[in-house]
Structure formats: structure tokens, C-alpha cells
Amino acid sequence: AGGAEFFCEVKDTRGGVITKAKTVANKKGGFSLSFKAPEGGYKNYTIDFYENGKLFRTLKDVAFGELWLASGQSNMQYSFSMSETYAQNSERSEWLRFLYVDVFATYNGAQNEFPDEPQQNFENGCCYWLKGTDNIDAISAVSFFFAQELQKKLDMPVGVLMPNLGGSLLVSWLSRQAVESDSAYADYVKKQGLYLSSDEWDSSKVDWFSTMTANYNKKVAPLQSFNIAGMIWYQGESEVMMNWERGYYKKGLELLQSSYGELFGFKGKMPFIATQVAPFAYGDCKLSLHNNEFIEFAQGDPSSRAITTIYDIDLGFTEDMGGIHPWAKQPVGERMAASAEGLVYGRNDCFTAATVESTEISGSDFYVTLKNVGDGLVADGKTARGFSLADESGIFVQADAEIVGKNKIRIYSDEVKSPVSAAYAFAQNNTDANVYSTLGGEKFMPIAPFATNMSDSAIQWEEPSWARCDSDKGWHISGGSDTVFADLWSAKKCEISADENAQSEGNGCIVIAPEKSKKNFSVSPVLSFKDGTKKEYYDLALRDWSNYSTLTVMVKNDGQKDMEVSRLKIYTNAVTWFAPEVNACGEEKAVIPADGQWHKLTFDLDRLYLNGNECGAIYSRRKLSEINGFELCFKKDSGDEGKISIDDFRFTADSTEGSRGKFEPCVDRADNPWEFFCSLFSTLFSFIAKIFTK
């Protein structure tokens with residue numbers, strides 16, 4: 001009641017009063033009490049509340065320590081019990097505290113009723129506290145691992161407030177005041193159909209997942225009295241799939257940080273730690289550009305913002321959660337805790353993903369210098385991977401790299417003589433990238449993906465998992481639940497395996513052992529899968545070859561006799577295939593000597609023989625705008641039991657359109673009656689064409 005006297009007493013486990021506070025309720029009966037909290041530590045307290053001297057509420061098992069806000073969509077909501085390392089974390093500290101906020105909190109007793117104004121309190125049953133030793137299976141996995149790691153680092157109780165909702169857009173977590181504070185952002189929200197004015201507010205028009213303020217008013221505003229140390233944020237997949245215009249997600253993050261800072265009473269900017277979105281096939285949009293907005297956001301105020309990278313984390317997932325939800329949540333939470341340790345608690349100077357500081361081009365070498373590298377850069381493997389280069393064509397291709405200093409990387413490629421731009425992990429399928437910053441002699445965090453001087457018309461390099469030949473298995477990234485760890489190669493009349501110790505380049509190669517009784521054998525990368533009876537293609541497989549003029553591959557023959565690469569069959573549909581000329585010899589075949597040495601084969605994609613007919617029409621890479629797959633075919637002597645190894649497929653970029661079809665007389669290369677007939681036709685056609693063009 002208004003004017004009533006309220007006071008509280010904070011008591012230790014023996015019942016002794018540690019501190020107390022007193023106040024008088026306002027006209028509406030509301031009140032707030034403030035007192036000097038005990039020093040944080042491993043002690044439990046009880047707080048008794050009195051109205052006009054009568055006890056009406058007791059809080060038990062109250063701990064004082066560090067408190068954080070954790071919010072976002074499904075990957076933040078993803079439950080602890082479904083995480084990869086759930087079973088290994090059976091020992092849980094009682095000094096962890098989690099405020100579980102009902103995903104669909106009620107208003108006026110209904111989940112689908114939404115207030116237009118920010119709320120001061122939750123309705124009964126919409127949130128509750130849990131200790132680490134309680135049944136916490138349903139809480140946010142990222143929040144648990146963040147709190148667990150931070151408790152270890154600070155030696156202090158840690159609590160987390162957990163409002164989140166799978167599938168929610170960032171704008172649903174913003175207040176009306178925050179959205180309307182930026183006219184350009186507000187106009188864009190209106191353009192997307194996500195804005196409702198106060199005059200037109202109607203719960204029937206509000207969507208939990210996308211309407212401006214829907215989650216903020218019900219699930220964030222009621223938390224405003226808590227004294228948080230900062231915020232962790234895992235969200236953005238919905239914006240990627242909606243293909244939001246560039247810059248607006250970054251602006252949303254800025255409004256989120258500033259408005260929450262005001263809500264929770266920060267005098268300066270609220271510490272804000274976000275993680276990038278995990279690799280997945282998000283449709284036609286470019287995940288790399290979206291993830292880059294996190295980096296741009298962090299660079300805008302490095303004293304209050306940190307970004308963690310997660311592209312290297314295992315993409316494994318539980319079947320009912322789908323491929324968009326990697327189940328390895330412990331590394332995500334731990335990296336966020338490491339960022340908090342530096343950003344908020346000053347334990348180290350390296351607390352965010354390393355980003356580009358400067359670039360330099362020297363001849364055909366491209367140098368990148370990074371900042372925030374901690375003790376220095378390191379590659380997780382024998383060589384640095386995940387890099388690409390582009391010349392003036394703007395078409396990126398795979399490149400090599402080496403770390404040449406504490407914070408400097410040299411990027412180079414035989415296929416790019418005059419580079420103008422470099423990129424790292426700047427793709428949807430970037431799980432192969434492997435360069436880290438370090439602290440205390442250990443890997444700290446993968447460096448941030450980057451692209452220098454990349455225009456909107458540039459063609460990014462989506463390196464297929466099969467190209468490096470480092471493994472016979474890997475991640476196939478596609479839509480829905482078809483993100484799987486499976487075979488990268490299939491074989492006909494032979495067996496294939498990976499040998500990491502016999503590579504030409506990189507960290508391994510594919511070894512092919514032909515069946516003894518077979519002369520012909522072949523291998524193909526896996527580009528498709530069956531969805532029921534329908535053939536589908538992995539979304540991120542490299543299937544458009546029209547921008548590349550050559551394809552090279554390293555081949556080694558460990559047999560006793562020379563072996564032949566009979567052709568590279570590139571299929572454009574189920575029955576039509578083209579074989580490119582190899583090593584500028586005018587034919588589709590090449591001999592690999594039995595010398596145990598690596599030999600480079602260069603396939604000319606502007607000299608394609610339809611169905612392998614070397615004596616007919618010659619086509620260009622224009623025909624390869626959408627391939628169904630390709631097959632590398634071999635031929636051996638029947639008595640040879642030797643093995644063939646392949647490694648390092650690479651493309652050369654070319655921005656020209658490629659030549660049109662042409663005919664060349666080549667009777668001398670005819671191997672059968674059909675080719676002989678085609679060569680005669682080609683000769684006749686060329687003769688007639690010369691007459692009419694004179």
C-alpha cells in the first residue's frame with residue numbers, strides 16, 4: 001500500500017544481520033531498497049522483507065558475485081542437456097545461479113498478449129532462479145558454459161539472466177525508444193513490415209519473433225533492476241536468412257548496446273560480447289557479409305565490445321535440432337568467458353578476435369598485418385589454410401599462406417600473379433580455416449574472417465571440401481538436416497583413403513588403390529545426396545566453373561609401370577559430359593610416369609571435348625555454369641598393382657566470357673571410326689566457313 005514502510009535484513013547462515021535497508025512505498029505501493037552488498041564470495045545469505053514490521057517474503061541461498069545478461073535466438077536458447085559435453089559436466093557448482101525466463105512469458109495471463117509499454121515485473125511463474133546443483137537441463141547451454149568458465153577464472157559466484165527466443169530478429173529485442181532514436185533504422189524496420197506504432201498496437205498483429213519490442217517489453221525490461229556486469233549475445237541467423245541490407249544489423253547491435261546500457265544504469269557503455277554465426281547454408285545470402293558486421297561493430301568501440309569467432313567449432317548436431325544448431329556449445333561459452341575476462345575484468349589485453357590492421361602488396365605476395373593477436377599467430381596444422389586471392393577480375397581462388405611474424409601473414413598463389421585483394425574464411429563453408437591468436441602458449445581464438453578490397457560484384461571463393469584432398473571425409477553443408485560429416489569422395493573399381501604423410505601440398509592427399517583385375521578406374525567428389533527418391537545437391541558445392549579457365553591437380557604414380565589419366569569427365573547433366581584438354585597436348589589424356597614423384601596436370605576449361613570427342617567441336621567453360629559433378633578417370637596395365645595419389649585441386653580465374661564453340665580438323669588424333677567421321681566433318685565445316693567469311 002502507498003506510504004507503507006518496508007525494510008529488509010541481510011543475514012548470514014547463523015542468522016546474524018549483515019546489513020539492512022529501509023524505505024517507504026510510493027502511491028502505487030511500489031518500492032525499491034538499496035544497501036551495500038557483502039563482498040562477493042562463496043557464502044550463502046538470507047534476505048527477509050518486512051512491511052510495516054511484518055515479515056512477508058524471505059529469499060534463501062542468495063549469493064553475491066558477478067551477474068551477466070545472456071540473450072539471443074535458438075543457438076543461445078539451445079538447452080544444456082542437448083549440448084555435446086553435457087554428460088562430462090555432471091559435477092556442477094552450487095555457486096552458479098541462473099534466472100530462467102519463460103520463452104513465451106505471459107501478459108494478462110496469456111502468451112499471445114503483448115504490452116505496448118515496457119513492463120516493470122514478470123507475471124507469476126514466468127521466471128525463476130536455479131542453482132548449478134538443481135535440475136538445469138533446460139537452461140541455455142552457452143550460458144552454463146560461460147558462467148562455469150567465468151567462475152573458474154574469477155574464483156567468484158557467477159549468475160546469468162537468460163531471456164531468449166529461437167528464430168527471433170534483433171528488432172524484437174529493442175525498445176520503441178531505441179528504434180525510433182535512429183530514423184534510418186526505423187524506416188528500414190517499417191520497410192520490412194516489422195514496425196507497429198503505439199496507435200496501431202494490437203496483440204493480434206504482434207509476432208513473438210519479429211515485431212519490434214515484442215521480446216523487449218515482456219522479457220528484458222522487467223530485469224532492469226539487476227546490476228549486471230555486461231551482456232553476451234548469440235543471434236543473427238534470422239537476419240541472414242532474410243538477407244537484410246548491409247549495415248542495418250550493425251546499427252541494430254549499436255542500438256541494442258546503447259539502450260540496454262541505459263536500461264541497466266551503466267554510466268559508460270555496457271560491455272557487450274557477441275559471437276559470429278556458425279557456418280550453414282543460409283540460402284542465396286552471403287553469411288560472410290553478415291558476419292563481417294559483427295567485426296565492424298566491434299571495431300567501432302573496442303573498449304566496450306568484443307567478438308568471438310566460432311567457424312572452427314565442430315558442426316555436429318542432434319537430429320531433432322537440425323544442422324543450423326551445432327551441438328558443441330562449450331567452446332562458445334568458454335570463448336565468451338575469455339573475452340569477458342579481458343574486456344571487463346582486465347585480466348589480459350587480448351579479448352576479441354584478431355582483425356586486419358594493414359595490408360601490403362609486394363609483387364605477387366600479399367601481406368596482411370593483424371591486431372589483437374595476443375602472444376602471436378599460429379596455424380592449427382602443418383600449413384595455414386582458408387585463404388584466397390583475387391586479381392583485378394574480382395574472382396577469388398584458393399591461395400597459400402604462411403605466418404611470417406608475430407602478427408603478419410604472407411598470402412600467395414601461382415594462379416594469381418598480380419593480387420589486389422585477399423580474403424580469409426570469408427565464405428559460408430569456412431570450417432577449413434585454421435589461424436589463431438595465442439595467449440600463454442595456447443590457442444586463444446580463431447582470427448576474424450576478412451576480405452580486403454572486395455567489391456559487391458566480386459566472386460567469393462567457396463572452397464569445396466574435396467579440393468585440398470586432406471581427408472576422405474568432411475562436412476557437407478546444405479539446407480535443413482543435410483549438414484553431415486560424410487565421404488568427400490566416391491570410387492569406381494578402386495578403393496580410396498587419406499594419407500596425411502604423403503601430401504603434395506597442405507596436410508594430406510587421397511590415395512587410390514585400383515582393383516587388381518580392373519584396367520579402368522575412377523574417383524569423383526561427392527556433390528549430391530538423395531532426399532527420398534529425389535537427387536539434391538549440396539548448396540555450397542562448387543558447381544559453377546564458368547569463371548575459371550584452368551583446373552590443376554597434382555598426381556603421383558607409385559606403381560611399377562606408367563599409368564594413364566584417361567580423362568576428366570565433367571558432367572553438365574545426367575548423360576552429357578565434357579573432357580578438357582590436359583597439359584596443352586591437344587588430347588584429353590596424359591601419362592603419369594612410375595617415378596613416385598608429383599606431377600601437375602593442367603586441364604584447359606576453354607578447350608572442352610563433348611563426350612570426350614577430340615576430333616569434333618571444341619567448347620569453352622561457358623558450358624560449365626552448372627555442373628552435376630566430375631570424374632577423374634585412370635587406366636593402368638592389368639598387371640600393375642601400384643597406387644595413384646591425388647592432391648591439391650586448384651582453379652585459375654578468368655573474367656572473360658570464354659571462346660565460343662569451334663571446329664578443328666584433327667584427323668591424326670582419331671582413335672575410332674566415330675572420331676574419324678567427326679574429324680572429316682570438322683575439316684569440311686572449317687573449309688566451308690572460310691569460303692563464306694572471305
Side-chain angles (χ1 to χ4, degrees), residues 2 25-32 69-73 76-77 99-128 161-226 228 231 233 235-236 238-239 242 244 248-249 251-266 270:
N26 59 29
K27 293 181 180 180
K28 294 183 179 180
F31 70 94
S32 63
L69 174 67
S71 190
Q73 61 182 107
M76 182 63 88
Q77 181 186 337
L99 182 67
Y100 183 86
V101 177
D102 194 348
V103 175
F104 297 108
T106 62
Y107 173 67
N108 290 335
Q111 289 184 340
N112 292 323
E113 288 290 321
F114 296 87
D116 181 37
E117 298 294 330
Q119 299 301 289
Q120 299 294 312
N121 297 291
F122 289 101
E123 292 190 349
N124 289 336
C126 287
C127 69
Y128 48 88
L161 313 175
M162 301 182 301
N164 44 61
L165 176 63
S168 56
L169 290 169
L170 187 155
V171 70
S172 73
W173 297 97
L174 290 175
S175 67
R176 180 179 302 283
Q177 181 181 5
V179 173
E180 295 178 347
S181 69
D182 187 283
S183 59
Y185 186 80
D187 288 343
Y188 185 74
V189 173
K190 293 176 183 178
K191 176 183 174 182
Q192 298 300 314
L194 308 177
Y195 180 94
L196 284 178
S197 67
S198 294
D199 293 337
E200 62 184 349
W201 191 269
D202 181 341
S203 289
S204 65
K205 300 177 182 178
V206 179
D207 181 85
W208 265 109
F209 306 95
S210 58
T211 307
M212 179 186 76
T213 82
N215 284 294
Y216 176 86
N217 287 347
K218 290 177 76 171
K219 293 160 58 176
V220 176
L223 301 171
Q224 61 188 279
S225 295
F226 285 105
I228 63 173
M231 178 180 184
W233 177 254
Q235 191 273 343
S238 292
E239 275 81 2
M242 285 185 67
W244 274 46
Y248 283 101
Y249 189 74
K251 173 55 66 176
L253 291 175
E254 293 170 350
L255 294 173
L256 191 72
Q257 182 192 25
S258 61
S259 62
Y260 280 34
E262 293 179 13
L263 180 71
F264 289 99
F266 282 86
M270 176 188 70

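FYI, the numbering just counts along the sequence from 1.
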Please check this pair: side chain of [X] against backbone of [Y], looking for a donor-acceptor N/O pair closer than 3.5 Å.
X	Y	result
S238	L169	no
K219	A105	no
Q119	P222	no
E180	Q177	no
N26	G30	yes

Trace of the side chain to side chain donor-acceptor pair (under 3.5 Å) decision for N215 with S168: CA-CA 9 Å; N215 284 294; S168 56; 4.7 Å; no
More than 12 heavy atoms from other groups under 6.0 Å of CG on D202: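 Buried by this count: over 12 neighbours within 6.0 Å.
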When rounded to the nearest 0.5 angstrom, what is the spacing between [atom1] in [X] and [atom2] in [Y]?
X	Y	atom1	atom2	value
Q111	E123	CD	CD	11.0 Å
S181	E254	OG	CD	10.5 Å
C126	Y100	SG	OH	11.0 Å
K218	L165	NZ	CG	10.5 Å
K251	L256	NZ	CG	12.5 Å
S210	L194	OG	CG	5.0 Å

Contact between [X] and [Y] at the side-chain level, heavy atoms closer than 4.5 Å - yes or no?
X	Y	result
Q120	Q224	yes
S71	Q235	no
M212	L174	no
V101	L161	no
P163	L69	yes
E113	T106	no
F264	L223	yes
N217	Y107	no

Test side chain to side chain contact (heavy atoms under 4.5 Å, CB included) applied to W173 and T213, step by step: CA-CA 6 Å; W173 297 97; T213 82; over 6 Å; no
Carboxylate-amine/guanidinium contact R176 D116, below 4.0 Å: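 Yes, R176 and D116 are salt-bridged.
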Plane angle bin for Y216 and Y260 - parallel if under 30°, tilted between 30 and 60°, otherwise perpendicular: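 Rings of Y260 and Y216: tilted, as their planes differ by 30° to 60°.
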Parallel, tilted or perpendicular: rings of Y248 and Y185 (30°, 60°):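 The arrangement is tilted - the two ring planes meet at 30° to 60°.
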F114/W201 under ring-ring contact (aromatic ring centres under 6.0 Å, His included): CA gap, chis, key distance, verdict: CA-CA 9 Å; F114 296 87; W201 191 269; 7.4 Å; no
Nearest heavy atoms of V206 and A214, plus distance in Å: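 Closest approach of V206 to A214, heavy atoms only: CG1-CB, 3.9 Å.
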I228 versus M270, closest heavy-atom pair with distance: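 Answer, listing the atom of I228 first, then M270: CD1-SD, 4.1 Å.
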Full working for side chain to side chain contact (heavy atoms under 4.5 Å, CB included) between K205 and T211: CA-CA 9 Å; K205 300 177 182 178; T211 307; over 6 Å; no
Test side chain to side chain contact (heavy atoms under 4.5 Å, CB included) applied to L99 and F226, step by step: CA-CA 11 Å; L99 182 67; F226 285 105; 4.1 Å; yes
